[in-house]
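What you see below is based on every heavy atom in this structure, not just the backbone, and it leaves out hydrogens, waters and symmetry mates. Below, chains carry the letters A, B, ... as their sequence lines are ordered, and counting in each starts from 1.
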Amino acid sequence: MVKWSRLFLFVIVVGVLAVLMTTTTGKVANNITLGLDLKGGFEILYTVEPLNEGQKVNLELLKATAEMVEKRVNIGGVTEPEVNVEMPDRIRVRIASQDADQTKLRELIGKPAVLTFRDKDGNILMSGSDLEPGGAAVGYDQLQRPLVTVKFSDSKLLEKVTREHLGEPMGIYLDDTLQTNPVIQSVITEGSAQITGNYTQEEAQELADLLNSGAMPAKLVEKQVTSVGATLGTMSLQKTLNAGYVGGALIFLFMLVVYRLPGFVANITLASFIYLSLLFLDWMDATLTLPGIAGFILGIGMAVDANIITYERIQEEIRAGKTILSAYRAGEKRSLVTILDAQITTLIAAAVLFYFGTSSIQGFALITVLTTILSIFTNVFFARALLGLLIRTNLFNKPFWFGVKESEISEL
Amino acid sequence: MSYRAPEYAARFNIVKNRKKFYLTSLIILVLGLLSMLTLGLNLGVDFKAGTRLDLYIGKEFEAADVEAIIKKHLPDTNFTAVTPYGNFQAYTRFDQTIPADKLNEIQQDLAAKYGDQVTRQESTVDPIIAQELMRKAGIAILLAAVGIGIYVAVRFQYLVGIACVVALLHDVFIPIALFSLFRLEVDLTFIAAILTIVGYSLNDTIVIFDRIRENMRTMKHKTVEDLEHLVNLSLWQTMRRSVFTVLTVLVTALAIVLLGSEGIRNFSLALIFGLVSGSYSSIFIAAQVWVSLKEREMKKKRFAPEPKKE
């Protein structure tokens, strides 16, 4: 007897899924953060070296330096830079933005920004650490030219220094570059000084921000710069996606031809799998890179494998003379161990990759782990539920629907 | 599409012919080893100091003109021939690290000649970092092998673990050997591909051992002949699945090679070599190594002195 209610349920479930996918996939896909190889941008790897002999490079110093790097990038007007500490002595900066000015940012980050006040013999009298927090600001001289004013936390110190060196020039250095070399005209008691030097408004603001953010606590040495032009990035993405569409279409066709009804179910669950994976990528705020997309396409292949293992098993059971329903039950039961064993080994490999890999490999591993776990749900449990529902409608009792010829079935 | 495993199993006994498969793999591995020792690997810029420059020109161009512009700015630097690819793109590689301002000058000259749509993509790596990446990748592969070996030994039997690790090393080495033979460039994505192959090939191997384990519950396997028959039948029972699965993944990998972007073409190529050698090794190496090991164990037991009874 045909159970129409079950077919109805199947149609409802698939219908809801189809509506959900067609209406939201575009939005979800657009929300996914693209890596700099897709979006354009650059990556700089620094090694951190101590400023003086007494200093040790440890996690604390690395973190402080990374924080400073992030502040500097923000000064440059770039939002959401990705700054990572890598032990024992690395800092990796990733900026996925097409508009960022690479040269300027590299200059900003690379500047130690140590401010010193020196006497005529080059002896350091005061330094940036004597400044009041947030004490640097943009000011203007009589001709409305921008300059930078700095406030000292201890006005007594400035008073003492200016008294001792009255009438002598005092050089103000940013790192080892002389900014201004004013002659001390009078004893300064109110604790503030001016740095002039033909700045534009923007440059003055940048210098003030730089001084306020403080000096870099350690020396940064640029080890590697990888930059990706956005045009190349977009083109790579489009091509890789197209390759994915072609590969996907061929798989769908193959499943339909070889496994018929189960193949049809597999295609529904494959589509759900792809949709869910995109959704999770969006939720996890994961960054999608080119190797990630490759891992994604591979994940689809693995999901297909889960279906193939099950359906081959069902076909075998049908050939052995079982009824469709008991073949489905036996095939489902026997293939589960195989699939889980296979998926767990993949997970182990991916976990090792993630733990020991570097950035792009980690992206690949992350997506492999994600897709493997998701495919167990969609292409094992969900696929089985859907197929069970269809079989129990009693509409598909012929071996034809499962890609098995009557002549292949052995008599019991 | 008539398929009955016992018929095929009777027609061709894979297990009986295993020495031939050992020999085939041995020949490829020896060739690969020779190539590795004499030619080595064609290491990409990821692995040695230097700069790879990708240019998007955006219209018809002569490689020689681009080379002339580069030569003008970097007269004393060696670089590979400018190779056009894809959509008005080209790349070249310098054997030393090129400062960004030089590359800027080159790009400006190119923009003056071809227009403002000219963009570039450069990758520069310090050799110390590259060596470290390689070391880390090697360690990762070894650890993955150990982890998977342990898992399989626990889930199945320690001889299966050994067979899996043998097959795994086989599958890791074959793409490396082929890349060396064909002088294909090895970059960081190559390592990602190798590690995927590790997971995938074991996935394949495990499906087969799973069937062997299942058959051992219902079929006799006391003698060498019985064992060989059992393994041969198991292989033929899983053959359709092995072939179909590798076909679907191959199709996607091929699609990436033919249609995908230049950046992951080598990745997909490595994947294809690995997939083919992976499914070959699961059927013709892993299961066979296990049979050989198992038979040795059986013979040892047979000739071992009977434990004395009290």
Side-chain angles (χ1 to χ4, degrees), chain A residues 37 45 102-103 223-232 235-237 239-240 242-244 246-248 250-251 254 258 290-291 294-295 297-298 300-302 304-305 308-309 312 316 319 334 337-338 341-346 348-350 352-353 356-358 360-361 364 368 403 405 407-408, chain B residues 1-4 54 56 86-87 89 100 117 119-126 129 133 136 139-140 143-144 147-148 151-152 155 188-189 191-192 195-196 198-200 202-203 206-207 210-211 214 237 240-241 244-245 247-249 251-252 254-256 258-264 267-268 271:
Chain A
D37 54 348
L45 184 66
Q102 186 185 328
T103 326
K223 273 285 165 198
Q224 180 188 344
V225 181
T226 318
S227 65
V228 182
T231 321
L232 278 175
M235 267 162 53
S236 305
L237 176 63
K239 277 178 136 188
T240 310
N242 286 343
V246 172
L250 286 172
I251 290 179
F254 172 84
V258 177
L290 270 183
I297 293 176
L298 190 77
I300 298 172
M302 301 286 286
V304 174
D305 185 43
I308 290 183
I309 291 173
E312 277 297 319
E316 252 180 78
R319 283 194 199 102
R334 293 203 174 152
V337 185
T338 312
D341 267 332
Q343 305 274 39
I344 288 170
T345 40
T346 310
I348 293 176
V352 171
L353 259 184
F356 294 98
T358 45
S360 66
I361 294 181
F364 180 80
T368 305
K405 281 187 193 144
S407 60
E408 291 171 6
Chain B
M1 215 182 284
S2 171
Y3 184 84
R4 260 176 246 175
D54 279 86
Y56 169 73
N87 229 340
Q89 297 167 70
Q117 78 283 359
T119 53
R120 70 168 206 268
Q121 174 180 327
E122 79 224 40
S123 349
T124 311
V125 172
D126 189 273
I129 290 172
L133 288 174
K136 274 193 172 176
I139 292 173
L143 286 172
I148 291 167
Y151 176 76
V152 172
R155 280 293 281 134
L188 271 185
T189 59
I191 290 171
L195 282 145
T196 320
V198 167
Y200 186 81
L202 277 147
N203 170 37
I206 276 163
V207 172
D210 223 76
R211 181 56 74 102
E214 192 189 314
Q237 281 173 337
R240 254 170 70 106
R241 176 263 154 199
F244 283 172
T245 297
L247 272 184
T248 53
V249 187
V251 161
T252 36
L254 264 175
I256 303 178
L258 296 177
L259 309 168
S261 90
E262 195 70 22
I264 53 171
F267 169 86
S268 317
L271 215 57

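- For the options A:Asp341, A:Ile348, A:Thr368, heavy-atom pairs under 4.5 Å to chain B are most numerous at A:Asp341.
- Using a 4.5 Å cut-off between heavy atoms, A:Val337 contacts chain B through both its backbone and its side chain.
- When all heavy atoms of A:Gly247 and B:Ala255 are compared, the closest pair comes out as N-CB, 4.1 Å.
- The pair B:Arg241-A:Glu316 does not count as a salt bridge, with every side-chain nitrogen at least 4.0 angstrom from each carboxylate oxygen.
- The side chain to side chain contact (heavy atoms under 4.5 Å, CB included) test with B:Thr248 is passed by exactly one of A:Ile251, A:Asp305, A:Leu250: A:Ile251.
- The CD1 atom of A:Ile344 sits 12.0 Å away from the CD1 atom of B:Ile148 when rounded to the nearest 0.5 Å.
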I'd like to know whether A:Ile309 forms a side chain to side chain contact (heavy atoms under 4.5 Å, CB included) with B:Val207, so could you lay out the CA-CA distance, the side-chain angles of the two residues, the decisive distance to 0.1 Å, and finally the verdict. CA-CA 9 Å; A:Ile309 291 173; B:Val207 172; 3.8 Å; yes
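- Of all the listed residues (B:Arg211, B:Arg155, B:Glu214), the one sharing the greatest number of non-hydrogen pairs under 4.5 Å with chain A is B:Arg211.
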Let's go through A:Arg334 and B:Asp210 carefully: what are the C-alpha distance in whole Å and the side-chain angles of both, what is the deciding distance for side chain to side chain contact (heavy atoms under 4.5 Å, CB included) to 0.1 Å, and is it a yes or a no? CA-CA 10 Å; A:Arg334 293 203 174 152; B:Asp210 223 76; over 6 Å; no
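- A distance of 7.0 Å separates OG1 of A:Thr345 from OH of B:Tyr151, quoted to the nearest 0.5 Å.
- Taking each heavy atom of B:Leu259 and A:Val246 in turn, the nearest pair found is CD1-CG2, 3.6 Å.
- Considering only heavy-atom pairs separated by less than 4.5 Å from chain A, the leading option among B:Leu143, B:Val152, B:Leu254 is B:Leu143.
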